[in-house]
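Written out below as structure tokens is the structure these notes cover.
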2 protein chains.
Amino acid sequence: MSRPMNDRRIVRLASKDREPRDASDSAPVSYGVLPQLLGFHLRRSQTAVFSHFMEFVSPEESITPGLFGMLEVIAANEGLAQSELAKAMGVDRSTIVKAIDQLEARRLIARRPSSDDKRRHRLCLTPAGKAARARIRELILNHEALLVRSRLSTEEVQTLIGLLERLCQGAQPASFP
Amino acid sequence: MSRPMNDRRIVRLASKDREPRDASDSAPVSYGVLPQLLGFHLRRSQTAVFSHFMEFVSPEESITPGLFGMLEVIAANEGLAQSELAKAMGVDRSTIVKAIDQLEARRLIARRPSSDDKRRHRLCLTPAGKAARARIRELILNHEALLVRSRLSTEEVQTLIGLLERLCQGAQPASFP
DNA sequence: TATTGTTATACTCTATAACTATA
DNA sequence: TATAGTTATAGAGTATAACAATA
């Protein structure tokens with residue numbers, strides 16, 4: 001296929017030798033070469049999912065995708081150090097401090113002293129944090145189901161995730177989403 | 001399939017009733033439920049492509065994905081107004097001002113007066129802008145080829161883009177990538 | 001010397017609100 | 001009144017550099 005199916009030039013060229021647009025020109029804009037680029041679609045998709053999260057999940061639980069990601073990683077690795085969390089989230093260790101401050105201020109996690117290395121803080125979920133994590137998890141699964149499952153089949157979602165995983169093989173980790 | 005192939009719990013459970021991690025624990029962290037979420041993979045992928053762009057394209061042409069996106073949209077819609085560009089990029093019209101200032105300072109685009117509506121600026125590429133656009137376009141196609149084509153076949157990329165387009169149907173536009 | 005957590009600082013990207021000049 | 005561009009401002013999110021405590 002020499003012309004990908006997402007090439008907007010088709011639409012563009014169909015609109016008969018148009019003049020440069022003016023104030024009264026309400027035709028949809030052309031995105032040029034962008035629709036041929038995977039990066040463009042990844043950006044749009046990520047933005048769409050993020051926005052839906054902020055609409056559907058955040059008002060319920062006052063949580064951002066990034067903070068939930070941290071909660072989840074802490075829960076799945078009880079006692080990990082802040083530096084380890086930062087590495088897992090793909091950010092500098094200085095960046096993680098304020099985020100952890102927030103989760104701690106809300107009593108969702110605790111910084112516990114490490115017995116064998118006094119420099120380290122062992123991050124753990126509080127009971128309230130565990131309860132919140134369970135609630136948010138359900139909410140997020142619903143959010144994804146609502147947004148994604150209405151447009152793609154279960155098989156297609158698995159195909160999509162599989163392709164994205166292969167694209168990211170060897171890449172550094174990243175915060176969520 | 002009740003357990004998706006990307007479920008990291010498999011790895012987790014295989015590591016025999018582990019103690020909470022301590023300083024000497026160098027096992028890879030678990031991401032909990034995140035690998036089941038499309039948003040997680042979209043975020044990772046978008047970050048990976050963005051990083052590669054910044055490594056491969058930016059040093060050559062001092063351009064960001066966002067600025068190239070604007071250049072491309074202006075080129076494909078000569079004479080569009082700043083508000084129209086902002087809408088196409090999915091940002092507020094106040095956000096676009098400084099970005100356009102940059103492109104104009106580099107003599108890649110020009111704000112031309114509109115004859116019929118003196119409030120409007122018609123955005124156009126300069127000859128230097130057209131040349132830069134052509135060069136950057138080639139560079140970006142190479143960057144995508146290098147990053148994506150080494151991991152996915154042409155068919156797989158088309159499948160991926162097709163699925164992402166369906167995911168975004170009805171969503172607002174977005175800057176690139 | 002090296003590492004962990006922290007702080008100060010700066011930079012980018014973003015939106016909101018208010019302004020001006022036009023319509 | 002409403003719209004196009006602009007400015008001031010504020011809030012996220014990020015990194016770098018330097019610091020104290022500890023290894």
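The shown structure was predicted, so the numbers you read here are calculated from the model rather than taken from an experiment. Each chain gets a letter, A, B and so on, in the order its sequence line appears, and its residues count up from 1.
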Quiz item: With respect to the phosphate group of D/dT6, does any side-chain polar atom (N or O) of B/Gln82 fall under 4.0 Å of OP1 or OP2?
Solution: yes

Quiz item: Rounded to whole angstrom units, what separation is found between the CG atom of A/Leu85 and the P atom of C/dG5?
Solution: 10 Å

Practice problem: Determine, for A/Arg137 against A/Glu61, whether the closest basic-nitrogen to carboxylate-oxygen distance falls under 4.0 angstrom. | Solution: no

Practice problem: Starting at atom CE of B/Met70, determine the distance to atom C1' of C/dT12, rounded to an integer number of angstrom. | Solution: 12 Å

Exercise. State whether the distance check finds a donor on one side and an acceptor on the other, under 3.5 Å, for side chain B/Arg119 versus base D/dG5.
Key: no

Self-check item: Phosphate-side-chain proximity, A/Arg93 and C/dT4, N/O vs OP1/OP2 below 4.0 Å
Solution: no

Practice problem: Return the value, rounded to whole Å, for the distance between atom CG of A/Asp117 and atom C1' of D/dA20. | Solution: 15 Å

Quiz item: Salt-bridged, A/Arg111 to A/Asp101, with N to O below 4.0 Å?
Solution: yes

Quiz prompt | Note, A/Glu165 side chain near B/Ser45 side chain (heavy atom, < 4.5 Å) | solution = no

Quiz item: Do A/Arg133 and A/Glu138 sit within salt-bridge range, that is, some charged N less than 4.0 Å from a carboxylate O?
Solution: no

Exercise. Starting from C1' on D/dT14, measure out to CD on B/Gln46 and report it in whole angstrom.
Key: 15 Å

Quiz item: Which comes earlier along DNA chain D counting from the 5' end, the contact point of B/Val97 or that of A/Thr95, where each point is its nearest nucleotide?
Solution: B/Val97

Quiz item: Does a salt bridge link B/Asp116 with B/Arg122, judged by any charged N lying under 4.0 Å from a carboxylate O?
Solution: no

Quiz item: When we call it a touch if two heavy atoms are under 4.0 Å apart, what does A/Arg111 touch: a base, just sugar-phosphate, or nothing?
Solution: sugar-phosphate

Quiz item: With a 4.0 Å cut-off on heavy atoms, is B/Ser83 in touch with a base, just the backbone sugar-phosphate, or nothing at all?
Solution: sugar-phosphate

Quiz item: Rounded to the nearest Å, what distance is computed from the CE atom of residue A/Met54 to the P atom of nucleotide D/dG13?
Solution: 8 Å

Quiz item: Rounded to the Å, how far apart are B/Lys98 NZ and D/dG5 P?
Solution: 16 Å

Quiz item: Is there a donor and acceptor pair, one atom on the side chain of B/Ser94 and one on the base of C/dT16, closer than 3.5 Å?
Solution: yes

Quiz prompt | Value in whole Å for how far the P atom of D/dA23 lies from NZ of A/Lys118 | solution = 6 Å

Exercise. For B/Asp92 and C/dA18, give me the distance from atom CG to atom P, rounded to whole Å.
Key: 14 Å

